Amino acid sequence: MNTSNASPLAVGIQGMTCASCATRVEKVLKQLPGVTGATVNLATETATITGATDATSVQRAIEQAGFSVPTESLTFDITGMTCASCSARVEKALGKVPGVLDASVNLATEQAVVEVAQGTSAAALIAAVERAGYGAQLPQTASASPAAPARALPDWWPVALAIALSLPLAAPMLGSLFGVHWMLPGWLQMALATPVQFWLGARFYRAGWKALRAGSGNMDLLVAVGTSAAYGLSVYLLLTEADAMHLYFEASAVVISLVLLGKWLEARAKRQTTEAIRALQALRPATARVRLDGVDRDMPIDAIRVGDLVVIRPGERVPVDGEVIEGESQIDESMLTGESLPADKQPGDTVTGGAINAHGVLLARTTAVGTETTLARIIHMVENAQAAKAPIQRLVDKVSAVFVPVVMGIALLTFAGWWALGGDAEQAILNAVAVLVIACPCALGLATPTAIMAGTGVAARHGILIKDAEALELAHKVNTVVFDKTGTLTDGTPHVVACLAADGHDESEVLAIAAGLQAGSEHPLARAVLAKHAASAGTPLLARAQQALPGRGIAGEVGGTEYWLGNRRLMTENEVATAALDAAAAELQAAGRTVSWLARASDRRALGVLAFGDAIKPTAAAGVARLKAQGIATVMLSGDNHGAAGVAAHALGIDSVLAEVLPADKAAHVGQLKTAGRTVAMVGDGINDAPALAAADVGIAMSSGSDVAMHTAGITLMRGNPALVSDAIDISRRTYSKIRQNLFWAFVYNVVGIPLAAAGLLNPVIAGAAMAFSSVSVVSNALLLRRWRPAGDAR
């Protein structure tokens with residue numbers, strides 16, 4: 001955040017190795033505009049800068065000198081914010097603290113995420129927020145936070161009491177609609193309105209006063225000034241006119257009651273937008289059953305260490321990430337991956353903390369604990385996405401920064417205009433009050449974050465993890481999806497797709513001999529042969545004297561006869577007669593299949609051919625078809641040969657294919673599509689896809705792939721299901737639509753309401769009701785996203 005400050009700024013520096021390094025950094029820093037002095041300490045690896053500069057400029061200068069500034073991200077819980085102008089003011093206050101590089105404050109989550117130079121004091125940031133009139137503290141973990149004291153009264157009691165006191169004041173106004181004219185005595189009206197104004201409404205005075213001290217305004221100031229004017233006018237009339245027929249105590253009391261009601265409903269709705277986080281946090285068991293020296297003991301989850309053996313009984317949640325070493329069962333991972341069908345687990349398979357063991361006892365060796373578990377990473381990713389600001393929010397921040405001062409000016413002009421034109425100070429005050437009350441910018445501040453929280457939350461429940469708000473916002477504009485082939489559209493492992501035998505032999509014989517030769521091998525093609533033979537219920541023939549032939553294949557004896565199993569090169573070098581199968585092999589190779597030959601060494605004759613291919617995922621074709629239905633073009637990037645890539649693309653209905661693309665060139669192809677004016681989403685799963693994922697407008701990674709791909713991508717699919725790509729784009733489109741709807745209505749309330757109030761067409765009570773309804777309607781509209789379901793979800 002580029003905010004100038006005159007306080008000394010201390011930052012850490014990485015990469016300095018000698019005195020000349022420190023001298024070079026000092027020289028660069030002293031050249032910065034506004035810097036009056038800079039000293040670099042090589043021993044402590046820190047720089048101290050004086051003068052009017054900012055942390056971002058300092059960081060950029062140090063990086064240009066060839067070094068780096070270590071940074072960290074701090075999160076704070078913020079209290080006292082009531083509208084968009086509040087969050088903007090907290091951001092501004094944080095940005096002035098030396099060492100702050102960026103600050104983002106989310107009104108809906110009531111949190112601030114601050115990127116700072118490492119070593120920046122959290123206490124200094126908290127003090128800056130408090131000077132701005134708000135509260136701040138570091139979030140407490142569930143285990144560290146003290147138990148919340150039991151409250152004697154529910155949180156809605158101020159609202160209920162305010163309404164109870166205000167109803168007798170509003171009743172005469174309602175009765176007049178039906179021709180009933182009566183009024184409570186003036187002193188009784190004041191007795192009912194006073195506790196609402198100064199006790200139940202004290203929060204508005206406190207927050208408004210803090211805003212004034214900080215030299216700005218907020219919603220609370222508008223409410224406090226507006227209702228005080230109505231209350232003060234009523235007291236003046238009561239004291240000066242013995243038979244005053246028009247008092248406005250009901251306006252001040254009802255407005256405060258409606259604002260309190262709106263804030264309570266708004267808080268309830270905001271809690272619902274964070275249900276996804278709470279649901280994920282609830283998946284983590286408090287204890288685990290650990291086997292120590294053959295004895296099972298219950299231990300706190302925080303005491304579990306990597307390598308511990310954990311016993312998981314039927315019906316229990318899996319407490320940690322681990323590898324099954326004993327037992328068989330089925331695991332329900334629906335809350336983590338969105339997959340409704342349970343997954344079979346046996347020794348060698350992995351289990352994820354938070355999933356439910358359906359039946360069977362499992363013994364698992366712990367592979368990850370604490371923040372390293374899959375569940376913890378998912379929670380962290382969803383929290384980051386919900387706390388982040390979408391680019392469209394910048395427009396709201398700019399508007400809110402000047403909104404309250406402008407409204408105060410409009411209210412003053414309204415008062416002056418009505419008084420000057422009509423000479424009626426009473427009416428002038430009421431119209432000015434209506435302007436102040438209806439102009440609350442709460443809806444503006446909530447429009448974007450509540451939609452993002454609801455959208456990312458419902459997506460997470462269905463196995464779509466959206467890392468940041470920018471990815472969510474950009475995905476709605478995607479018109480081209482680029483797929484990696486292997487592991488993304490295919491399952492990434494070879495399968496035997498064809499087995500051909502020469503005359504005088506049959507397929508089962510060829511397969512049995514090949515399986516015997518490959519027994520015990522870990523080569524992917526060997527595993528494919530063994531799996532195919534096992535599926536045919538065959539028993540591999542016993543082989544001996546197997547010998548690996550690097551780059552060619554394998555040789556061995558089966559039933560006293562020597563055989564060769566390998567590629568064309570092996571056949572050529574041994575002058576094997578392959579003419580009978582050459583045409584079939586050539587056809588298979590043209591289709592992109594990998595071909596292995598089985599030959600008998602004694603007569604150098606080919607007995608059969610095995611063809612291997614990467615099976616297309618069952619959901620891939622449906623996923624591509626859904627993207628086409630959304631008007632999105634599809635492209636396949638593959639390192640495979642043209643034959644294999646072309647066959648897969650044709651089977652899937654993909655629009656265009658680029659084959660034999662080197663990993664380093666994938667990002668360049670994505671860049672070319674962007675240069676051509678396309679908004680590109682790249683879908684991949686491997687380390688070699690990471691550059692292309694970063695180059696795309698939106699990177700989408702499969703969780704079944706590498707960690708590098710998932711860290712690079714903005715969206716992660718928790719199931720290796722290509723159909724989720726269209727679902728991710730769909731939830732993005734729906735979320736962005738909600739953001740636009742919310743912003744439209746938030747602006748409309750003010751664009752229409754303020755002129756009506758200034759024109760005297762809205763009394764303060766109606767204005768208060770409209771203001772409260774605007775915030776509630778915006779949050780409620782965002783909550784409709786919780787009803788979203790992925791296409792084809794039968795649950």
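Small disclaimer: the values here were computed from a predicted structure and weren't measured.
- Looking at heavy atoms from C-beta onward, Thr71 lies in side-chain contact with Gln59 at the 4.5 angstrom threshold.
- The heavy-atom pair separating Ala224 from Phe204 by the smallest distance is CB-O, 3.9 Å.
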Using the side-chain contact (heavy atoms from CB on, under 4.5 Å) rule, take Val114 and Phe76 through it: C-alpha gap first, then chi angles, then the decisive distance, then the call. CA-CA 8 Å; Val114 191; Phe76 297 92; 4.1 Å; yes

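- Using a 4.5 Å heavy-atom threshold, the side chains of Phe744 and Ile739 count as separate.
- Note that CG of Leu165 and OG of Ser257 are 7.5 Å apart. Values are rounded to the nearest 0.5 Å.
- Shown here are the ring-ring contact (aromatic ring centres under 6.0 Å, His included) partners of Tyr231, two or more places apart in sequence or in another chain: Phe198, Phe249.
- Trp419 meets the ring-ring contact (aromatic ring centres under 6.0 Å, His included) test with Phe415; sequence neighbours excluded.
- Between Val100 and Glu115 the shortest side-chain heavy-atom distance does not fall below 4.5 Å.
- Closest approach of Thr735 to Gly455, counting heavy atoms only: OG1-CA, 3.6 Å.
- Closest heavy-atom contact between Leu94 and Val129: CD2-CG2, 3.6 Å.
- In this structure, OG1 on Thr194 lies 11.5 Å from CG on Leu200, to the nearest 0.5 angstrom.
- The shortest heavy-atom contact between Leu138 and Ala122 is CD1-CB, 4.4 Å.
- Contact detail for Gly201 and Ile256: the closest heavy-atom pair is CA-CG2, 4.2 Å.
- Pro158 places none of its side-chain heavy atoms less than 4.5 Å from the side chain of Trp199.
- Using a distance-only test at 3.5 Å, with no hydrogens or angles considered, a donor-acceptor pair links the side chain of Ser166 to the main chain of Ala162.
- Atom CZ in Arg734 sits 7.0 Å away from atom CD1 in Ile731 (nearest 0.5 Å).
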Taking it one step at a time, do Tyr736 and Leu472 satisfy side-chain contact (heavy atoms from CB on, under 4.5 Å)? CA-CA 8 Å; Tyr736 193 72; Leu472 182 70; over 6 Å; no

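- Interatomic distance, CD of Gln427 versus CD1 of Ile429, reported as 10.5 Å (0.5 Å rounding).
- How far CZ of Arg740 is from NE2 of His476: 5.5 Å, rounded to the nearest 0.5 Å.
- Side-chain atoms of Glu110 and Val105, non-hydrogen and from C-beta on, never get closer than 4.5 Å to each other.
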Could you check Arg203 against Leu260 for side-chain contact (heavy atoms from CB on, under 4.5 Å), going step by step and ending with a plain yes or no? CA-CA 10 Å; Arg203 53 171 286 179; Leu260 291 174; 3.8 Å; yes

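- Atom OG1 of Thr456 is separated from atom CZ of Arg461 by 10.0 Å, given to the nearest 0.5 angstrom.
- Listed for the Trp418 side chain is a donor-acceptor partner under 3.5 Å among the backbone atoms of Ala758.
- Using a 4.5 Å heavy-atom threshold, the side chains of Val196 and Thr227 count as separate.
- Across every non-hydrogen atom of Leu184 and Pro168, the tightest pair is CD1-O, 3.5 Å.
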Just do the side-chain contact (heavy atoms from CB on, under 4.5 Å) check on Asp727 and His462 with the steps written out, would you? CA-CA 9 Å; Asp727 292 326; His462 293 285; over 6 Å; no

Please determine whether side chain to side chain donor-acceptor pair (under 3.5 Å) holds for the pair Asn781 and Gln741, giving the CA-CA distance in whole Å, both sets of side-chain angles, and the decisive distance to 0.1 Å. CA-CA 8 Å; Asn781 186 45; Gln741 291 170 17; 3.2 Å; yes

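- Contact of the Leu474 side chain with the Thr679 side chain is not registered, since no non-hydrogen atoms from C-beta on lie closer than 4.5 Å.
- A donor-acceptor pair shorter than 3.5 Å cannot be found between the side chains of Gln189 and Ser234.
- In this structure, the side chains of Arg733 and Gln630 come closer than 4.5 Å at one or more pairs of heavy atoms.
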